[in-house]
Structures are given as structure tokens and as C-alpha cells.
Amino acid sequence: MTEQRSDTHDPLWWHQAAVYQIYPRSFADANGDGIGDLPGITSRVDYLARLGVDAVWLSPFYPSALADGGYDVDDYRDVDPRLGTLGDFDAMVAALHGAGIKLIVDIVPNHSSDRHEWFREALAAPKGSPERDRYVFRDGLGPHGEQPPADWTSMFGGPAWTPVGDGQWYLHLFAPEQPDFNWRNEEVRADFLKTLRFWSDRGVDGFRVDVAHALAKDLPPDLPSQAELEAMDRATGTHLLWDRDEVHEIYAEWRRVFDEYDPPRIAVAEAWVDPPARRARYASAEGLGQAFNFDLLEADFDAAGFRRVIDDNLAQAVETGSSTTWVFSNHDVVRHATRYGLPPNGDTPRKSQREWLLSGGTEPELDAVRGLRRARAATLLMLALPGSAYLYQGEELGLGEVADIPDEARQDPTFFRSPGVDVGRDGCRVPIPWTVEGPSFGFGSGSAHLPQPPWFGKLSVEAQAQDPASTLALYREALALRRRLQTAETLTWAPAASDEVLHLRRPGGWEAVANFGATAVPMPAGDVLLASGPIDGSELPPETTVWLRVASQ
Ligand code: NOJ
Ligand code: CA
């Protein structure tokens, strides 16, 4: 019997939920064509229930040419035929809900794909037409418009403007296959409301909003240069492209739709904003309700750094009345079991990771054992924090990044658009190993769409499921305990044995102590409920976290 996770009508079910991100093309392949699919997910609902997650966040599953892993959407109200049908989607929702697991789907409102019906219409229609007004078109410079309207670069490298052959160019902040919508256009606004209702009516519990801070734009007739754009202040809500104040008018409209449902549909914003205080608007109850913070993901493995991030984000959650979000890994970053085995990044964010990826995994030297030990310790600390925990498929197996994917097998546009500088994000998107052996390690009956390394077998679900010391067992126990122990969304800090130790207390006698240092410290008082690594009782070893039960005060 599956334990019922939460009251299905509790409007605040998401506040302290453990949310498991599925990157559908790499999770489970039911029909053996090498691509993960929705029936594959349905077939693994028991696994998710046993893991103990409260919700699944499903990355895009819409029809797509996969120019950007599905974040180039052809049709917002359908399923990619390679992943299944709307009927398969309904069956997946029913299976998840039957197991007490909610479903959050990714929505990509900043840009469609260039194959979207509206973009095709825009290309076929003349300059100045209503069809072109749904996107961001501008005349090129030069006598025939043969020069781009501005020298802007896209987020994936290369130009952000692409010509359409009649003197006009369109804006794409990401790949050329991802034209940006014009959110001042009423049809665009109305169509997204229709999409939110479409999936909500099908039982979806919430939405993860892609690039939530980019929708509102204000392009003057004379466009600034890239250098001028970069120099513009992002903290005032008046930057031409990013985090403009009026973006919240859009989300206020969305909120009214969410609140038509019982319980209200939820949303979590992917909003890379600065200063972090600006995140609060996305997390407000009149807006999307919750926003990702990627601060832990960006932090080195360091007690003081973690403590700062935790304090700042909990304070912000109190201010907004939302709950905070914790993330170590997702489909865009090097997996944390690998990050923590590389030299710290310090002031040069992600430098060692980039070098390591570019070298195919040889330089700088990776200490994979240490990386996993730290990842387990960090995760056990994170799962003791108030707020929601977002987990990425495969981290419960302790999977590391795959660095040695051959160039010809790579798929990520960042690799193609920045040759020699960035190999991209394929290394964290390699299909999940379910069995020790077999074609694609049980992912499907055939090969996988991205090659899996030989070492995946020993990290498979099958290899770990019966091993009480495995990473999978740790996640299962932690998630089960967390559900039982979690009460109010508060914590207090206890004095710790050293600067390299964090000791937190949750109400009801639940404590977590994390030793970030290289030497053991005395084990604090209390009954050990769970440890991220081997312990002998009297000491808390280096790079290890324990959960303790103490008599509540
Ligand atoms: C953020 C997504 O997480 C990423 O995978 C994608 O490439 C960009 N948004 C563009 O949609
Ligand atoms: Ca398939």
C-alpha cells in the first residue's frame, strides 16, 4: 500500500514538498526507441512512491524539434508523439495521483519554437502584420536591412537576432529556433491562459515557469548595444529585457486562473534575478507563489557559505509568506556529486567544472569518492531544512556528470553555439540506469539517445535497491523520516563544535548536524536517526551529516 502523502485539498501542500524533477526523454523508455516517454514514467510510479517524493516536476514533453531539449515548444497543448499521447498523459496523471504524488509541468512562455503555428504564420505574413506582432520583429539596419537591429548575443552564444529574408529580423534570447513572444500582444496573453486551463483541467497540480523574468520587454526604436544592455541596472525593474516590474501584471492574471481550481494550482518561477530581494515578487501570493533560489547550487561546500544562504532565504520566505526552495542539481548544471569532487570555484563561478568538462573529465582531477560523500552530506542537510526540496532524477542514485560524451553524440545547443568554450548540459541528461546490465541499463530495451558510460551499471536502481548503505537507501529513508518529522517551517541554530559544523534544530526534537570539515568532531547528544555516511557512534566523521532525535524542549 502506498502511504497517502498529503491531503489532496490542502492548498499549502507545496510548502515543504519534496519535488522530483523528471527529464522525460531520459527517465524510462517504454517502447524501446531510445527516447524516454510518458508510459515509461507511468511504469515507474511505484519507484517514485517508494522513493517518497510528494510531487513530480516534469520538464517539457510537448511536440518539439528538440533544438533545446524540448524548451522549444511547437504546440503547448499536446504531447510529443515520440513521448506518447494525451491519453498517455492522462494515464500518467492518474497513476501519480493514485500514488498520492502531485504533478507540476514545465511551461515555457518566453519563447515558442520556430515550428509553432504562430511563428510559421508570422514568417508567411508581411512586415507590420498582426501575425508578426505576436513575436518580436524589427527592421534590420543598412539600406536593405541586411545588418542586425543590434549586436546582441543570445544566452547560448551567437547572435540574438536572426533575419527572415525581407529586411526584418526576430529576437531570440536563446537559440534561433526559439523566437521570443511579444507579451504586449493580447492574443499571446490569452493563449497562455488557455494553456494553463488546459493542463489544470487535465489534473495538473502546478507549473514550473521557464525564464519567468524575461517575458516583459521594452524595446525602444533605437536599440542599445550589447555593451549598453549589459551595463543597465537590473535592480530597478526597468532593464529593457530582464525582470521588468510589469512582468508581475502577467502573473497576477495567471494567479486568477490558478485560483479558479481547488486546491489552487501552484507555480514556481525560474527567475535569475539580482539582487535576490527581487525574487520576492515572483514568490508573492498574488503572483506565481514560489520562486527558485539557486544559491545553494552555486555555493561551494562550506559551512559559513551554506549558513548564509539558508538564513537569507528563510528570511525572505518569511517576508513573502511563501516557502523557500532548495536545489542542488537540475538539467542545466553539472551534477552535485561531481561538483563537490572538483576544486572549489571561489570567485570564478563554475570555472573548474567547465575546464573539467572540456577536458573530457581528466583535468582538473576529480575526486569522485569525496564528491559523492559531500553530496550525500549536503543533501541530508538540505532535506532537514524548512521549505521545498527540488531533486533531480538520478541524484538519488549518486550519479555523477558524464564528461566524456563524444562530440557527435552531443545534443545541447550550447555545445554547437559556443564551440570549444562550453560542451553544454548533456552530461547531466544521460538516461537513468535501472539495471546493472542490459542494453541501456534497463532504461529501455534498445540503446539510449545519449550514450551511458560503463560505470552507470553499478549505480543502477537494481544495484542499490537492497543495499542499506546505498545513496538510494539514504534518500528513501530521509524522505520517509522527513515526512514524519516535519512540522512548522522554522529552524534555530544550535552552538556547533567548530566553524565547520552546522547544527540546526527543527521543532519537535529533530536536529541535523553537518560536518563540512576534514576532521571528525564529537557526536552531539541525541539518538541518531540517519547518517549520510558510516559513523561509529562517538564521532561525526568529516563531510558527514546526521539527523538526531532529542527530547523536545
Ligand atoms: C531554462 C531551462 O531550464 C533551460 O534548460 C532552457 O535551455 C532555457 N530555460 C531556455 O528555455
Ligand atoms: Ca520511447
Side-chain angles (χ1 to χ4, degrees), residues 21-44 57-62 64-74 76 79-85 88 92 104-114 116 154-158 160 171-181 207-215 241-242 268-273 291-292 294 297 327 329-334 390 392-393 411-418 422 424-429 431-432 434 439-440 442-450:
Q21 182 190 355
I22 291 184
Y23 192 73
R25 290 172 185 81
S26 298
F27 187 64
D29 172 20
N31 65 356
D33 66 355
I35 301 170
D37 42 46
L38 302 189
I41 298 171
T42 306
S43 75
R44 299 291 181 183
W57 149 27
L58 185 61
S59 280
F61 51 90
Y62 313 103
S64 167
L66 302 183
D68 179 20
Y71 285 88
D72 45 323
V73 177
D74 297 353
Y76 291 88
V79 172
D80 187 327
R82 284 165 298 184
L83 270 63
T85 61
D88 293 329
M92 179 187 70
I104 297 171
V105 297
D106 224 308
I107 185 146
V108 190
N110 180 63
H111 42 264
S112 70
S113 87
D114 61 347
H116 190 284
S154 84
M155 299 301 288
F156 293 147
L171 176 69
H172 50 90
L173 294 181
F174 294 88
E177 295 87 351
Q178 294 168 296
D180 281 49
F181 279 119
F207 299 88
R208 176 265 188 193
V209 184
D210 190 64
V211 219
H213 54 311
L215 275 50
L241 300 178
W242 301 107
V268 53
E270 187 217 17
W272 296 83
V273 298
F292 281 120
F294 298 108
L297 180 155
V327 190
S329 283
N330 61 32
H331 65 296
D332 288 333
V333 298
V334 170
Y390 283 81
Y392 177 51
Q393 68 179 35
Q411 301 176 5
D412 186 3
T414 22
F415 168 68
F416 300 107
R417 290 179 66 83
S418 60
D422 194 339
R425 302 162 293 181
D426 295 315
C428 63
R429 300 175 178 182
I432 295 298
W434 294 91
S440 65
F443 164 67
S445 55
S447 57
H449 71 99
L450 272 172

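Counting starts at 1 for both ligands and their atoms, following the listed order.
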Quiz item: Looking only at distance, does Tyr71 have an N or O less than 3.5 Å from an N or O of ligand 1?
Solution: no
At under 4.0 Å between heavy atoms, what of Glu270 touches ligand 1? The answer is side chain
- Is the distance from the Ca ion (ligand 2) to the nearest N/O/S atom of Pro39 under 3.0 Å? no
Among the N/O/S atoms of Asp33, the Ca ion (ligand 2) lies closest to OD1
Candidate pair Asp68 and Arg425, rule salt bridge (charged side-chain N to carboxylate O under 4.0 Å, His left out), full reasoning = CA-CA 10 Å; Asp68 179 20; Arg425 302 162 293 181; 3.0 Å; yes
* Asked: Parallel under 30°, tilted from 30 to 60°, perpendicular over 60°: which one fits the rings of His331 and Tyr392?
  -> tilted
(Q) Just so I know, are the side chains of Gln21 and Asn330 near enough to count as touching, which here means a heavy-atom distance under 4.5 Å? (A) yes
Side chains of Ser59 and Tyr71: is there a donor and an acceptor less than 3.5 Å apart?
yes
Checklist entry - Once the angle between the rings of Phe292 and Trp57 is folded into 0 to 90°, is it parallel (under 30°), tilted (30 to 60°) or perpendicular (over 60°)? => result tilted
Heavy-atom proximity to atom 11 (O) of ligand 1 ranks first, among Thr414, Val211, Asp412, Asp210, for Asp210
So CG of Asp412 and OG of Ser418: to nearest 0.5 Å the spacing works out to 8.5 Å
| task | Consider only side-chain N and O atoms of Asp80 and Ser64, and report whether a donor and an acceptor are under 3.5 Å apart. | result | no
Margin query: With a cutoff of 4.0 Å, is Arg425 in contact with ligand 1, counting heavy atoms of the residue only?
Written below: yes
If we number the atoms of ligand 1 from 1 as shown, the ones under 4.0 Å from a heavy atom of His111 are 10 (C), 11 (O)
Output for pair (Arg25 CZ, Arg429 CZ), nearest 0.5 Å, gives 10.5 Å
heavy-atom search around atom 3 (O) of ligand 1 in the protein gives Asp332 OD2, 2.5 Å
min-distance N/O/S atom, Asp29 vs the Ca ion (ligand 2), resolves to OD1
For Phe174, the ligand 1 atoms with a heavy-atom partner under 4.0 Å come out as 8 (C), 10 (C)
Here the atoms of ligand 1 under 4.0 Å from any heavy atom belonging to Arg429 are 5 (O)
Looking only at heavy atoms, the pair that brings Ser440 and Gly446 closest together is OG-O, 2.7 Å
In this structure, the Ca ion (ligand 2) sits at the vertex of an angle between OD2 of Asp37 and OD1 of Asn31 that rounds to 10° as 90°
- Is there a heavy atom of Gln21 sitting under 4.0 angstrom from any atom of ligand 1? no
Interatomic distance, CG@Leu66 vs CG@Asp72, rounded to 0.5 Å, equals 6.5 Å
With heavy atoms and a 4.0 Å threshold, my read on which part of Tyr23 contacts ligand 1 is neither
Of all protein heavy atoms, the one nearest atom 7 (O) of ligand 1 is Asp68 OD2, 2.7 Å
